[in-house]
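In what follows, chains are A, B, ... by sequence order, proteins preceding strands, each numbered from 1. When reading the values below, keep in mind they use all heavy atoms of this one structure, side chains included, and skip hydrogens, waters and symmetry mates.
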There are 2 protein chains.
Amino acid sequence: MVRRPKGPSIKDIAQAVGLSTAAVSYALSGNGRVSIETQENVRRVADAMGFIRNDTAARLRTGESNLLGVIVHDISNPFFAELLSDFEAFCYEAGYLTIVANTKDDLVRQATLIDALVAQNVAGLLISPGHTTSRDMMAGLRRRSKPYVICVRDINDPSADFVGADDETAGYLAARHLIDTGIVEFGFVGGHEGSKTWAGRLQGIRRALGEVGKSIAPQHIIPTSPTNEGGETATKRLLEMNPTCCAAICFNDYVAFGAYAALHLAGRLVGVNYSIVGFDNLPQSSSLLPALTTVDLFPRKIGRHAAATLLEKVRGVGSEPRRYLVEPRLVARHSVAGTLPHLRL
Amino acid sequence: MVRRPKGPSIKDIAQAVGLSTAAVSYALSGNGRVSIETQENVRRVADAMGFIRNDTAARLRTGESNLLGVIVHDISNPFFAELLSDFEAFCYEAGYLTIVANTKDDLVRQATLIDALVAQNVAGLLISPGHTTSRDMMAGLRRRSKPYVICVRDINDPSADFVGADDETAGYLAARHLIDTGIVEFGFVGGHEGSKTWAGRLQGIRRALGEVGKSIAPQHIIPTSPTNEGGETATKRLLEMNPTCCAAICFNDYVAFGAYAALHLAGRLVGVNYSIVGFDNLPQSSSLLPALTTVDLFPRKIGRHAAATLLEKVRGVGSEPRRYLVEPRLVARHSVAGTLPHLRL
DNA sequence: CTGAAAGCGCTTACAG
DNA sequence: CTGAAAGCGCTTACAG
C-alpha cells in the first residue's frame, strides 16, 4: 500500500476561497445559511480544484450510508446476474451504490462477507443464502438491527423479508402444460435433491398430477447437478430405465439443453416423439431447435422488488416482515409434442 | 433514513475491559505493544459484544482502502458476469471488496459513477468504458493518481493499463477455420458497426482472407445489434441478398443463435449446407444442434488478469502501463459444413 | 449571514 | 507494557 497524493478536501477549498470549512460544507450541501453568491463561488472553486466529497468521512459523522451489500453464491449464474443488474439499477436511481460478493456456497465465506460488509457500514444487505444456512447466521445483523432481505432461497427466518420465485407454482405450470397436451407420464430430471428450489418445483408437479388422479413414479425423478452435463446424464438414465416414458420436466434450461443432446444421440425427436419443458427462459432457449418451452421466473423483477423492499427498511418505513413471490409464467414454444406447428428438415 | 442502534465501538470495549481505546486498538490489530493475555482478553470481550471494526473509520485515519470499484455497461451480459465473478473472487482472496455499477452505456452515468466510487475512497477502479469514451474522462482519476485499469474496450489511453480479448486474432481464427475447410465466401453478421470489438474481429477476418488472396465483399458485412434478434435479421438479409454465399461468421454466440433460427426457417441445414462460427463459447453453445463452432475469449481469465494488474498498481508496484490480450481459442464443433461427424435425424 | 468547536470511530506517533 | 492526544474529512449544533 502506498501513500498517494490525495484529492483536495474542504479544508483546501476553504483556504482557497477564504472561508471556514463549515461555510464550505454548507455551501456545497446547499443547507441554507450561506448566500447564493457564496454558494456559487464555492462550487465553482471546488469544481475547478477537482473536489470530490469524501462520502466515507461524511458517513462517519452522520451515521448515514449510501452503500448497499449483495451476497450471492455466484454472480456469473445468469439468473443472479439479471437479478443483480436490476437490483443495482433500481438502487442507483435511489442514490445507493452496490457492493457484491460471491460466497461460492461456502458458509464460512458467507459469514466473513456479512461481517466485511457490515464493517463497510452498508445501509442494508441483500442475501441469497448458501445451502443449509440457518437463521442463526443472521443473528449479528439482527443484533445491530441492520436491515437485510433474503432472496431466492428461503431460510424460514420469520423476522426477515423474503423475495423469491414461486417454485411451487412454476412446477405446477410446467406439469399442467404437459397434462393439458395429454401427457401424464414424465420424468423430473436434474437439480440438487433436497434444495428448496428443487423440492418446490417437484411439489408443484405433484399437485398438478394429483389433480388428475396421477402421481410421479420415484424412478422418474433423477436429480443431478443443475447443468448441461447433468441434464445429459439424467436424461440418458431416464431413457434407459423408462423406455415408455416420453417426456421430461428439466430442472432448468441448462438441464434442458443437456436433455436435447441426450435425446439427439438416442435418435429421439424433441417436440415430435419426446417432450421437454425447462425453467428460466434463458435468452437462447428460444433459439433451440425446436424452441424450448419453459417457465419464466423473472429474476429481474425479483431484483427490483428486493431493492424496493430493502430500501423501505433502510429508510425506516416500519412494517411486518413480508414474503413476496414473483408469479412465474409458462412460455409455450415447440418442445412439447403436439405443439410444433410444422416440421421441416 | 432512520437512526438505528449502532454496534459497539472500541470505546465500548475499552470501557468493558478497563483499558484505553488505544490499547484496545493495539490488542485487536495485534500490532505489538500489548501483552498476549491482554490481547486475548480484549478479543474475547470484543467477540462477546459482537464487535465489528468500522473499516470506514479506519480508512479515514490511515488513508488505506480495501474497496475496489468496477464499472461496466451491463453486468447481466454473461461475458461481463463471468469476468466480474473471477475478478471479485481474486480480489476477495487478496482482502478486497468489490463495488459494481452498470452504466448502460450512458456516458453521463459513467462519469457520475466514477466520481461516486472515488467518493467511496476505493483503492482502484476497473472500467469497461462505454462507447465513445475518450481518455479525457479519466482525467479526474489521473489527477488524483487513483489507480485504474481499462478492460475489454480499448480507449487508447497511453497512461492506462489495458486487459482485454484479442479480437483481431479471434476474428482471424474464425475465418481461418472456414478457409481451412475450403470456404472463402462468407458473411460477417451482427454487432455494432464501428465498435472496437466489431472492427477488431473484422480486421482479423480480412487478414485471414488476405493470406489466401481473397477479401470479404461489402454486401456480406451486415451489422445489427449483437443479439439473438439481430442475428436472425442479419442472416435473413444475407440469405436474400447473397444466395450463393453459404457461410457466416457471427459477431457472437447470441447472434449465432439467431442465425440458426433464420436458417431453419429458410430450410438450410447448419453444418450440412451452411456454416456458422460464433464468438464467446457460451455454456449452451455446445448444446445447439449441431453444436456451435465458436471462438472462446476467456472472460474469466480477463477478470483475473485485470484484478492482478489493478492490485499491483494499488500496492504501488510501479511499472509502465501494459497491454495484455488474452489469447482466444477456436472451439471446433459441428456447425461448419464438413465437420459434422454423422447426421441422424 | 458566518465562524469556532465538537465529534463520528478509528490509528499511531509521542510520552511515560 | 500502557495512556493521553492528535488527526483523517466531514457535518452540525452552538454562538455571535
(message) Can you measure Gln15(A) atom CD to dC10(D) atom P for me and round it to whole angstrom units?
(response) 14 Å
(request) Go through the side-chain N and O atoms of Arg153(A) and Thr133(A) and say whether any donor and acceptor fall under 3.5 Å apart. (result) no
(message) Testing the 3.5 Å rule here: is there a donor-acceptor pair between the side chains of Gln120(A) and Asn66(B)?
(response) yes
(message) What is the separation between atom CG on Leu19(A) and atom P on dC10(D), rounded to the nearest whole Å?
(response) 15 Å
(message) Tell me if a side-chain donor or acceptor on Glu88(A) pairs with a main-chain N or O of Leu97(A) at a distance below 3.5 Å.
(response) no
(request) Identify which nucleotide among dG3(C), dC10(D), dC10(C) has an atom closest to any side-chain atom of Asn54(A), counting heavy atoms from C-beta outward. (result) dC10(D)
(message) For a quick check of understanding: with a heavy-atom distance under 4.0 Å over all strands, which category does Thr56(A) fall into, base, sugar-phosphate or nothing?
(response) nothing
(message) How close do Ser85(B) and Asn102(A) get, counting heavy atoms only, and between which atoms?
(response) OG-ND2, 3.4 Å
(message) Determine whether a donor-acceptor pair (N or O, by modelled atom type, separation under 3.5 Å) exists between the side chain of Ser29(A) and the backbone of Ser25(A).
(response) yes
(request) Using a 4.0 Å heavy-atom cut-off across all strands, classify Ser25(B) as base, sugar-phosphate, or nothing. (result) base
(message) Could you tell me how far dT12(C) sits from dG16(C) if I compare only their C1' atoms? Round to whole Å.
(response) 16 Å
Protein N or O to nucleotides 4-8 of chain D N or O, pairs below 3.5 Å:
from: dC8(D); atom 1: O2; to: Arg61(B); atom 2: N; distance (Å): 3.1

(request) Describe, in one word, how the ring planes of Phe80(B) and His73(B) are oriented to each other, choosing from parallel (under 30°), tilted (30 to 60°) and perpendicular (over 60°). (result) perpendicular
(request) Rounded off to whole Å, could you give me the CD1-to-P distance for the Ile36(B) and dC1(D) pair? (result) 9 Å
(request) Quickly work out the Ile52(A) CD1 to dC10(D) P distance and round it to whole Å. (result) 11 Å
(message) From the set dT11(C), dT2(D), dT11(D), return the single nucleotide nearest to any side-chain atom of Arg53(B).
(response) dT11(C)
(request) Send over the distance from Asn41(B) CG to dT2(D) C1', rounded to a whole Å. (result) 15 Å
(request) Find the distance Arg59(A):CZ to dT11(D):P and express it as a whole number of Å. (result) 13 Å
(request) Let me know the distance between CG of Asn66(B) and P of dT11(C), rounded to the nearest Å. (result) 12 Å
(request) Would you kindly say whether Tyr92(B) and Arg109(A) are connected by a side-chain donor-acceptor distance under 3.5 Å? (result) no
(message) Show me, range against range, the stems involving DNA chain C, built from at least 3 consecutive Watson-Crick or G-U pairs below 3.5 Å.
(response) C:1-3 with D:14-16, C:5-12 with D:5-12, C:14-16 with D:1-3
(request) State the CG-CZ distance between Leu28(A) and Arg43(A), to the nearest 0.5 angstrom. (result) 6.5 Å
(request) Write down the distance between CZ (Phe51(A)) and P (dG9(D)), rounded to a whole number of angstrom. (result) 10 Å
(request) Check the pair Phe87(A), Leu126(A) against side-chain contact (heavy atoms from CB on, under 4.5 Å), reporting the backbone distance first and the verdict last. (result) CA-CA 9 Å; Phe87(A) 177 90; Leu126(A) 178 68; 3.6 Å; yes
